[in-house]
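This report concerns only the one structure given below.
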Amino acid sequence: MTDTLAAPYTAGEAKAPVKRIPVAVLGATGSVGQRFVQLLDGHPWFKLHEVVASERSAGKPYGEAAGWRLDTLMPSDAAALPVMSLGAELQSRLVFSGLDSSVAGEAEDDYANRGCVVVSNSRNHRMDADVPLLIPELNANHIGVVERQQKRRGGRGYIVTNPNCSVVGLAMAIAPIEWLYGIEMLHVTTMQAISGAGYNGVASYAILDNVIPFIGGGEEEKIETEPRKILGRLENGRFVDAPFRISAQVNRVPTIDGHLMTIAIAMRNRNFVNVDQIREAIDNFRGEPQHLRLPSAPRKPLHYIHEDDRPQPRLDRDRERGMSVSVGRLRPDPLLDVRMVALVHNTIRGAAGAAILNAELLEAKGLL
Ligand SMILES: NC(=O)c1ccc[n+]([C@@H]2O[C@H](COP(=O)([O-])OP(=O)(O)OC[C@H]3O[C@@H](n4cnc5c(N)ncnc54)[C@H](OP(=O)(O)O)[C@@H]3O)[C@@H](O)[C@H]2O)c1
């Protein structure tokens, strides 16, 4: 059964900072920004210190500017913070970004060039040659490129990114299969929740009683490219993409949170595929955040669910506070080799929660 969002943090093995680290959130008033504010409340390592948004919000107290839309109360400390305008001088070195992509590229570069560590959700810098596209369970070693980026910028600042919200679910679900057999190609069809479009993203009149078979902003292209960087290798300071090919079709559906996807996979070596072995590899998978016991790390990054009609967004998206990906319906595929269903909470594991976990990894590795 699902866990709740309450009491999220447990003591971890990685050494906690002596004092909580002050952090800023860029785009703090948006869907992802509000998740940051919610998840940072009571965080054992980080303390929300500054909030930044557009000129529309700047100068107002956060409580007035945000138009809070989450189902927990707005943290009172956050409500009192004055919203700063983008570009303002920040006291925090650690900066989370949930900025609209129309402004994120330049603003994140600007803060990194000033010496900040920018941990971003936006798509703008994900594919840059010296920017890690991180899922700490899968490619924690990719933070090795940070030094090269710092040299390019000529200071201590740098950017790390987390993937597109659907890609987090897809890459995590397929990683144990890639490592077991090697993936030749896969096809994925997503059913994406409306929160993924931001609060003003899809009109209720357009999405209720409907499915929209298109998501703008290059969604399919991101799903077809980002997993190859994430599951690729870092060789002599350069990323080498994983060789598999992806075909993606995306749909916006009238769920609030939780991106569901069906995936069919062909392996490079088709002779030895064993469905039970894959199921076991998925359910037993653990990564660096679990070994380090980072504060936001789920106990299990992947949960295999055995019921025939699961995972489902409403029933499974909050598993382990929204930080675990749920997988089910793994079975042979008559065209390719295997098929399955995966579910990711798009604004937690697919966005703000992912970025906070990335920052915890950076702190644990001495990079903050
Ligand atoms: N929603 C998801 O599930 C999800 C998942 C992964 C990644 N992302 C990415 O995360 C980013 C934010 O998405 P969202 O869904 O949270 O969007 P959103 O709800 O529309 O929020 C956008 C934020 O950016 C700020 N902003 C917009 N224009 C600005 C400007 N010119 N100057 C300064 N600030 C500006 C807004 O401030 P005001 O309120 O003041 O306008 C708001 O805080 C996007 O890049 C998106 O692609 C979203």
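Everything numeric here is computed off the predicted structure, so don't read it as measured data. Count residues from 1 along the sequence.
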### Ionic contact status for E235 with R238, cut-off 4.0 Å
no
Test item: [X] side-chain N/O and [Y] main-chain N/O as donor-acceptor pair under 3.5 Å:
X    : Y    : result
S195 : I256 : yes
E55  : S85  : no
R228 : F244 : yes
K229 : R126 : yes
R252 : N210 : no
E137 : M172 : no

Enter the distance from [X]:[atom1] to [Y]:[atom2] here, rounded to the nearest 0.5 Å.
X    : Y    : atom1 : atom2 : value
E288 : I143 : CD    : CD1   : 8.0 Å
H49  : L90  : NE2   : CG    : 9.0 Å
D318 : I348 : CG    : CD1   : 6.0 Å
F239 : D241 : CZ    : CG    : 9.5 Å
E106 : L99  : CD    : CG    : 11.5 Å
I223 : I246 : CD1   : CD1   : 9.0 Å

Show the nearest heavy-atom pair for residues [X] and [Y], with the distance to one decimal.
X    : Y    : value
G217 : R123 : O-NH1, 3.7 Å
A173 : M340 : O-CE, 3.6 Å
N121 : A355 : ND2-CB, 4.2 Å
A264 : D333 : CB-OD1, 4.1 Å
Y158 : L367 : OH-O, 2.8 Å
S326 : R319 : OG-NE, 3.2 Å

### Query
Do Q192 and N346 pass the side-chain hydrogen bond (donor to acceptor under 3.5 Å, both in side chains) test, and can you show the C-alpha distance, the side-chain angles, and the key distance before you say yes or no?
CA-CA 8 Å; Q192 300 189 203; N346 54 300; over 6 Å; no
Side chains of [X] and [Y] in contact at under 4.5 Å (non-hydrogen atoms):
X    : Y    : answer
R245 : E184 : yes
S166 : V250 : no
P44  : E360 : no
R268 : P243 : yes
Y199 : Q34  : no
I135 : R349 : yes
H345 : V168 : no
L170 : I263 : yes

### Within residues 78-93 or reaching into it, pairs that qualify as salt bridge (charged side-chain N to carboxylate O under 4.0 Å, His left out) - sequence neighbours excluded
E89-R114
Heavy-atom neighbours of [X] [atom1] exceed 12 at 6.0 Å:
X    : atom1 : answer
N271 : CG    : yes
R270 : CZ    : yes
D209 : CG    : no
L73  : CG    : no
Q277 : CD    : yes

Group every Ile, Leu, Val, Met, Phe, Trp and Tyr by side-chain heavy-atom contacts under 4.5 Å, then state whether [X] and [Y] land in the same group.
X    : Y    : answer
L231 : L302 : yes
L39  : M74  : yes
Y181 : V338 : yes
M84  : L81  : no
Y111 : V160 : no

#### Entry: Passing candidate, side-chain hydrogen bond (donor to acceptor under 3.5 Å, both in side chains) with D283, options H306, H303, K300
K300
#### Entry: Test log, rule side chain to side chain contact (heavy atoms under 4.5 Å, CB included), inputs V23 and F36
CA-CA 11 Å; V23 306; F36 273 122; over 6 Å; no
### Query
Please walk me through it: do E280 and N284 pass side chain to side chain contact (heavy atoms under 4.5 Å, CB included)?
CA-CA 6 Å; E280 215 170 286; N284 290 336; 3.5 Å; yes
### Task
Could you please spell out the steps behind the side chain to side chain contact (heavy atoms under 4.5 Å, CB included) verdict for R329 and R339?
CA-CA 8 Å; R329 303 215 64 215; R339 51 190 158 163; over 6 Å; no
### Task
Could you check N358, L294, I21 and say which one makes a side chain to side chain contact (heavy atoms under 4.5 Å, CB included) with E363?
I21
### Summary
side chain to side chain contact (heavy atoms under 4.5 Å, CB included) with L133: of H125, M127, H142, only one passes, and it is M127
### side chain to side chain contact (heavy atoms under 4.5 Å, CB included) between L48 and D77, worked out
CA-CA 8 Å; L48 182 65; D77 291 354; over 6 Å; no
### Message
Tell me whether the rings of F96 and F46 are parallel (<30°), tilted (30 to 60°) or perpendicular (>60°).
### Response
perpendicular
